[in-house]
Protein chains: 2
Amino acid sequence: MEWSIQDIARLAGTTSRTLRHYDQLGLLVPSRVGGNGYRYYDEECLVRLQRILLLRQLGLGLPAIAEVLDGQRDTVAALRTHLALLEQERDRIARQIASVRTTLRKTEEGEPLMAEEVLDGFDHTRYEQEVTERWGREAYERGDRWWRSLSDAEKKAFQQQHLDIARDYGRAHQAGAHVDSDEVQDIVRRHVDWLSVTMNPTKEYVIGLGEMYVADPRYTANYDRHGEGVAAFVRDAMKVYAERNL
Amino acid sequence: MEWSIQDIARLAGTTSRTLRHYDQLGLLVPSRVGGNGYRYYDEECLVRLQRILLLRQLGLGLPAIAEVLDGQRDTVAALRTHLALLEQERDRIARQIASVRTTLRKTEEGEPLMAEEVLDGFDHTRYEQEVTERWGREAYERGDRWWRSLSDAEKKAFQQQHLDIARDYGRAHQAGAHVDSDEVQDIVRRHVDWLSVTMNPTKEYVIGLGEMYVADPRYTANYDRHGEGVAAFVRDAMKVYAERNL
DNA sequence: GATAGAAGTTGACGCTGCGTCAACCTCAAG
DNA sequence: CTTGAGGTTGACGCAGCGTCAACTTCTATC
């Protein structure tokens, strides 16, 4: 089945002019253009538009959206990450709701307000960095062509490398090593080398990735299984490495 | 307590330049400006900023936000409506989550997609109209100076007028009257006259208000207590009236 | 076939809400 | 005094549209 430009513009709450603009940018190319120049969109386009709309809603600019979409072509995996982001957004709104309730209660009771409480949940400016890092990671682990080119054994070995790195971080942390020690920095070097197979990590990327390991419970769990506080330890070690070497 | 411009810019995820811009527009005026020209914000400013950020998040332009904020000065009432809007937004995201789950399931099972399902929850372009209508209504029912100037008896009489109108809509609907009949149009005229006490309803406003009666369950309930389908009946009657008379 | 209105096209322009930068001042700590 | 953090105003430009004009195509009706 396919839809006209106005069909989906209406449903998406946008305009045909915007969709043509997206076409011009190569962001959402219609599945077919009729002999009359009319654009038609199929289901694949629909899903792609859904992804675009979500990322716009999260505040990403169009070039970043294009990067994210090009970085992950496996629709099912993308939709799963989609879900995770929406759930995060739902949680943020829940925090806003709690914040307004607190403000309301304190206003009625004449209690002093705390700025952090009043504005909790309203800062969503880090989404672009967070999303591109997350999608970046998804891309090279699951959807990237390079990844797909690996045999199962190669994939296993690559993943094992990361498990080894995580284990070694844990050991060093447990042994009380300093984040800037040679031992720990060597683990970070292996980690960054591991990242470098499919990309060229910038200093900012490495620092941001370390922060993401702490901020996102799922990544934190990857490291903290080796001991409580390992994720933060990794973040700090990566920061040191990035500042010294990248 | 008070905060510097950077204190709250950071918490709100915005810039001091934006806050100065808001000051220039008169949208968020600092509670104090030091002898050195530095801006400081108190708790009242914090709450006002919270309201601004929410309305921005909902897509309202700054002039509309100013209008909304000026229309409702009772902080507690405003925060309650705030909550209602956030809950609505949470529900919209829940619909998005359901939509992505549906897309995911259908993609995995190879089922055809329906455009309405895929894009459900992604259209949030009507917020400006909806919010201003809702706040407009709140303003004149609760927070408006005119409303406050009425005695309790006068308030009761004014509200009774609306109850009478709703009852009469119900009776006409039950009697099978047509939305464009003289009888029903006379009820609409009384309704529009009732609205006209504190404002000058435009054609678009009246049509949009009728649509809101159907779209928002709380308003629908006001009318449908007189019989199922009365809200839609009122909407249609108002549309006919607006197109003929406004 | 003619007509009218809906549905689409491209291209140009302008708008809104910022973000960035320059040039400057003020404050605080050493 | 010096330096860097924290603030100011003003100017400019940007991104992502929305609107409009001028046009073509399609569809339904007579």
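Numbers restart at 1 for each chain; the letters A, B, ... are given by sequence-line order, proteins then strands.
Rounded to 10 degrees, the angle separating the terminal helix axes of the helix from C:dG1-D:dC30 to C:dG30-D:dC1, each built from five base pairs, is 20°.
The nearest whole Å value for the distance from the CD1 atom in A:Ile5 to the P atom in D:dT25 is 17 Å. Between the CD atom of A:Gln6 and the P atom of D:dC26 there is a distance of 17 Å, rounded to whole Å. The nearest whole Å value for the distance from the NE2 atom in A:His21 to the P atom in D:dC20 is 19 Å. Regarding A:Leu55, its CG atom lies at a distance of 18 Å from the P atom of D:dA15, rounded to whole Å. In this structure, CZ of B:Arg10 is placed 12 Å from C1' of D:dA5, rounded to the nearest angstrom. Rounded to a whole Å, the CG atom of B:Leu19 is 11 Å from the P atom of D:dG7. The separation between A:Asp7 atom CG and C:dG8 atom C1' is 12 Å, rounded to whole Å. If you take CG of A:Asp23 and P of D:dG16, they are 16 Å apart, rounded to a whole angstrom.
Of the side-chain N and O atoms in B:Arg39, one or more sit less than 4.0 angstrom from OP1 or OP2 of D:dT8. Taking side-chain N and O atoms only, A:Thr18 has a distance below 4.0 Å to OP1 or OP2 of D:dG18. An OP1 or OP2 oxygen of D:dT24 is reached within less than 4.0 angstrom by no side-chain nitrogen or oxygen of A:Tyr38. Distances shown here put a side-chain N or O of A:Arg56 below 4.0 Å from the OP1 or OP2 atom of D:dC17. Taking side-chain N and O atoms only, B:Thr15 has a distance below 4.0 Å to OP1 or OP2 of C:dG19.
A salt bridge is defined here as a Lys NZ or Arg NE, NH1 or NH2 lying under 4.0 Å from an Asp or Glu carboxylate O, and A:Glu243 with A:Lys239 meets this definition. A salt bridge is defined here as a Lys NZ or Arg NE, NH1 or NH2 lying under 4.0 Å from an Asp or Glu carboxylate O, and A:Arg92 with A:Glu89 meets this definition. Under the 4.0 Å criterion applied to side-chain N and carboxylate O atoms, A:Arg39 and A:Asp23 are assigned as salt-bridge partners. Salt-bridge formation is detected for the pair A:Arg101/B:Glu87: a Lys NZ or Arg NE/NH1/NH2 atom is positioned less than 4.0 Å from an Asp or Glu carboxylate oxygen. The pair B:Glu43-A:Lys106 fails the salt-bridge criterion, with no side-chain N (NZ, NE, NH1 or NH2) lying under 4.0 Å from an Asp/Glu carboxylate O.
Around atom CG of A:Asp182, no more than 12 heavy atoms belonging to other residues, nucleotides or ligands sit under 6.0 Å away.
Residue contacts for A:Tyr40: at a heavy-atom cut-off of 4.0 Å it reaches no nucleic acid atom on any strand shown.
Judged by distance alone with a 3.5 Å cut-off, no donor-acceptor contact links the side chain of A:Arg17 to the base of D:dG16.
Interatomic distance, CG of A:Leu28 versus CG of A:Leu46, reported as 9.0 Å (0.5 Å rounding).
Closest-nucleotide positions on DNA chain C for B:Asn36 and B:Pro63 were compared, and the one nearer the 5' end corresponds to B:Pro63.
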